[in-house]
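Structure record follows, encoded as structure tokens.
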Amino acid sequence: MKFEIKNYIAGELIAPIASQYLDNFAPATGELYSLVPDSEAQDVALAVESAQRAFPAWRDLGAEGRSAYMLRLADVLERDIEKFALAESKDSGKPLSLARTMDIPRAIQNIRFFATAILHAHTETHDASPAMLNYTLRQPIGVVGCISPWNLPLYLFTWKIAPALASGNCVIAKPSELTPMTAYLLAELCQEIGLPAGVLNILHGLGGKVGEAIVSHPGIKAISFTGGTATGSVIARHAAPVFKKLSLELGGKNPVLIFADCEYDTMLATTVRSSFTNQGQICLCGSRILVERSLYERFRQDFVQEVQKLTVGNPLHESTRLGAVISAGHQQKILGYIALAQEEGGKILTGGKAVKPEGCENGWFVEPTVIEGLPYDCRTNQEEIFGPVVTIQPFDTEEEALKYANSVRYGLASVLWTQNLSRTQRITQAIESGIVWVNCWLMRDLRTPWPLALRFKTSSKESYPLILSKTFCGK
Ligand code: NAD
């Protein structure tokens, strides 16, 4: 009998009403190790009723009251960090070291950040005339739906639910059916801290079934979604006719622009990370590496050498840098793109194959793969692969680099490596992406949802981060 994950509705951990379950596999071993509720519309209805009942009291608790519950939740999550990191690693195949240092700490930070941000929230007033004062009142909308993907399970799940809860909304949340475990464990912690029943409800199951039921339910006023672009479009089609508020964070095909004047060693080490962290399964990973021609040969040689040092292996081993990809189907998709790249004329410089690390022979692993020789507009360079696969291409001018960078239909993130401030200004304005990291990657300040992060080296060789509050418009 496999462990049965439960839904969290009205403060209780309960089985799905129809008692149907889905299989949950450990990607590193291929083991079927737990069962996930295959929830449906009737479970959503139950959860919405409980959230509607909970809403007035949660709203009226005020910012300090809600903040106190959330801070307690963050504290117990921090206490259990090792348990959650192990669960995340097993459920997703990612290295335990990554779950321990990135995923779970960021989940804790998400909850703490919004729990304290709400204490300092303020709104504008406009003193228009002696007889009139206009002000903006921010109020919770009621019951909201939060749907998250499998690549950073608890990290993105908490990023969605924390601001909604802090603002006084009650939440119906659905993690990915491929990585349900840490959301389930979080429900146990909500019980432990005595979070009022119905404030947070967690439903498990398939996107096309329980996910669509969440999106379609008339009692859910807003949807916050992170996931694939095609799914986002389906959700928008359901939500738009009934005028639900909608936040969609979707896919990417992010360029990395490397100029010859960059600080080489930092660039090289960071580009290895921005390519292959979490097996390349982060929407913000750079997958198209564009290198100024005068630096190209040196970069190619060093980059391939560094990539070959990355250990693909058992996620529980400290030396492992790449774990398993999420599923057998996703492994096949990635290998299919590697085959396509070769058909399109690409040359594999390293990687390209599935691997079976010792002790994980039935798991789903792919070597970190570097491909060169492809045109910027081929499918390999235009479509999101979402795996450990990058292409490298030389360019001669800024205009050419920008043309390649901006050629895709995505506009999520980009990375620029240069020490030239004028060039930085030109490129960060011309590049079509919501986030531009300059001389760094994945640095985030949660106060700026789409930050422009800059890091320059000073003449004294001290580097310092400078975060500009400039917001770029995505495509
Ligand atoms: P996905 O779109 O398949 O699934 C995401 C979530 O949506 C899951 O919980 C899934 O069950 C649910 N879902 C699927 N179909 C649905 C439907 N019709 N209605 C309602 N819910 C539905 O994405 P995924 O494969 O889990 O994640 C990978 C994708 O997520 C990649 O494209 C990646 O770029 C993107 N992503 C984006 C960001 C970002 O912040 N922009 C962050 C992480 C991942």
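Below, all heavy atoms of this structure are taken into account, side chains as well, without hydrogens, waters or symmetry copies. Both counts, for ligands and for their atoms, begin at 1 and track the order of listing. Nothing fancy with the numbering, it's 1 onward along the sequence.
Residue Asp91 is tested with Thr179, Thr182, Asn24 for a side-chain hydrogen bond (donor to acceptor under 3.5 Å, both in side chains); the sole match is Asn24. Each of Trp364, Tyr337, Trp150, Phe25 was checked for a ring-ring contact (aromatic ring centres under 6.0 Å, His included) with His330, and the lone residue meeting it is Trp150.
The residue from Glu212, Glu384, His330, Lys253 that puts a heavy atom closest to atom 31 (C) of ligand 1 is Glu384. Taking each of Gly227, Ser148, Gly211, Gly228 in turn, the one with a heavy atom nearest to atom 8 (C) of ligand 1 proves to be Ser148.
Here Leu284 has no heavy atoms under 4.0 Å from ligand 1, in either its backbone or its side chain. The side chain of Ile235, and not its backbone, has at least one atom closer than 4.0 Å to an atom of ligand 1 (non-hydrogen atoms only; side chain from C-beta on). Within the 4.0 Å heavy-atom criterion, neither part of Ile282 lies near ligand 1. Residue Thr226 touches ligand 1 through backbone and side chain together, judged by heavy-atom distances below 4.0 Å.
Taken to the nearest 0.5 Å, the CG atom of Asn201 stands 3.5 Å off from the OG atom of Ser50. For the atom pair Ile111 CD1 and Gln109 CD, the distance stands at 11.0 Å (nearest 0.5 Å).
The aromatic ring centres of Phe3 and Tyr184 sit less than 6.0 Å apart.
For a threshold of 3.5 Å applied to N or O pairs, the pair formed by Trp150 and ligand 1 contains at least one separation below that value. Considering both main-chain and side-chain atoms, Asn151 never comes within under 3.5 Å of ligand 1 through any nitrogen or oxygen pair. Considering both main-chain and side-chain atoms, Gly207 comes within under 3.5 Å of ligand 1 through a nitrogen or oxygen pair. Every N/O-N/O distance between Leu412 and ligand 1 stays at or above 3.5 Å.
Atoms of ligand 1 found under 4.0 Å from any heavy atom of Thr231 (numbered from 1 in listed order, with element): 1 (P), 2 (O), 3 (O), 13 (N), 14 (C), 15 (N), 16 (C), 17 (C), 22 (C). Applying the 4.0 Å criterion to heavy atoms of Leu156 picks out, from ligand 1, the atoms 42 (C), 43 (C). Distances below 4.0 Å separate heavy atoms of Val234 from the following atoms of ligand 1: 18 (N). Those atoms of ligand 1 that come under 4.0 Å of a heavy atom in Ile147, given as number and element, are 6 (C), 7 (O), 9 (O), 12 (C), 20 (C), 21 (N). With ligand atoms numbered from 1 in the order given, ligand 1 contributes 9 (O) to contacts under 4.0 Å with heavy atoms of Pro175. Per-residue contacts place Glu177 under 4.0 angstrom from the following atoms of ligand 1 (heavy atoms of the residue considered): 10 (C), 11 (O). Ligand-side atoms of ligand 1 in range of Glu249: 37 (C), 39 (C), 40 (O), 41 (N), range being under 4.0 angstrom from any heavy atom.
Annotation: side chain to side chain contact (heavy atoms under 4.5 Å, CB included) contacts of Ala173 (sequence neighbours excluded): Cys146, Phe157, Ile161, Val171, Leu200.
Looking at Asn254, its side chain does come within 3.5 Å of a backbone N or O of Cys283 through a donor-acceptor pair. Between the Glu177 side chain and the Leu22 main chain, no donor and acceptor come within less than 3.5 Å of each other.
Inspection of the Ser407 and Gln382 side chains reveals an N or O donor paired with an N or O acceptor under 3.5 Å. For the residue pair Asn151 and Asn278, no side-chain donor N or O sits within less than 3.5 Å of a side-chain acceptor on the partner.
Taking the six-membered ring for Trp and thresholds of 30 and 60 degrees, Trp441 and Trp437 have ring planes more than 60 degrees apart, a perpendicular arrangement.
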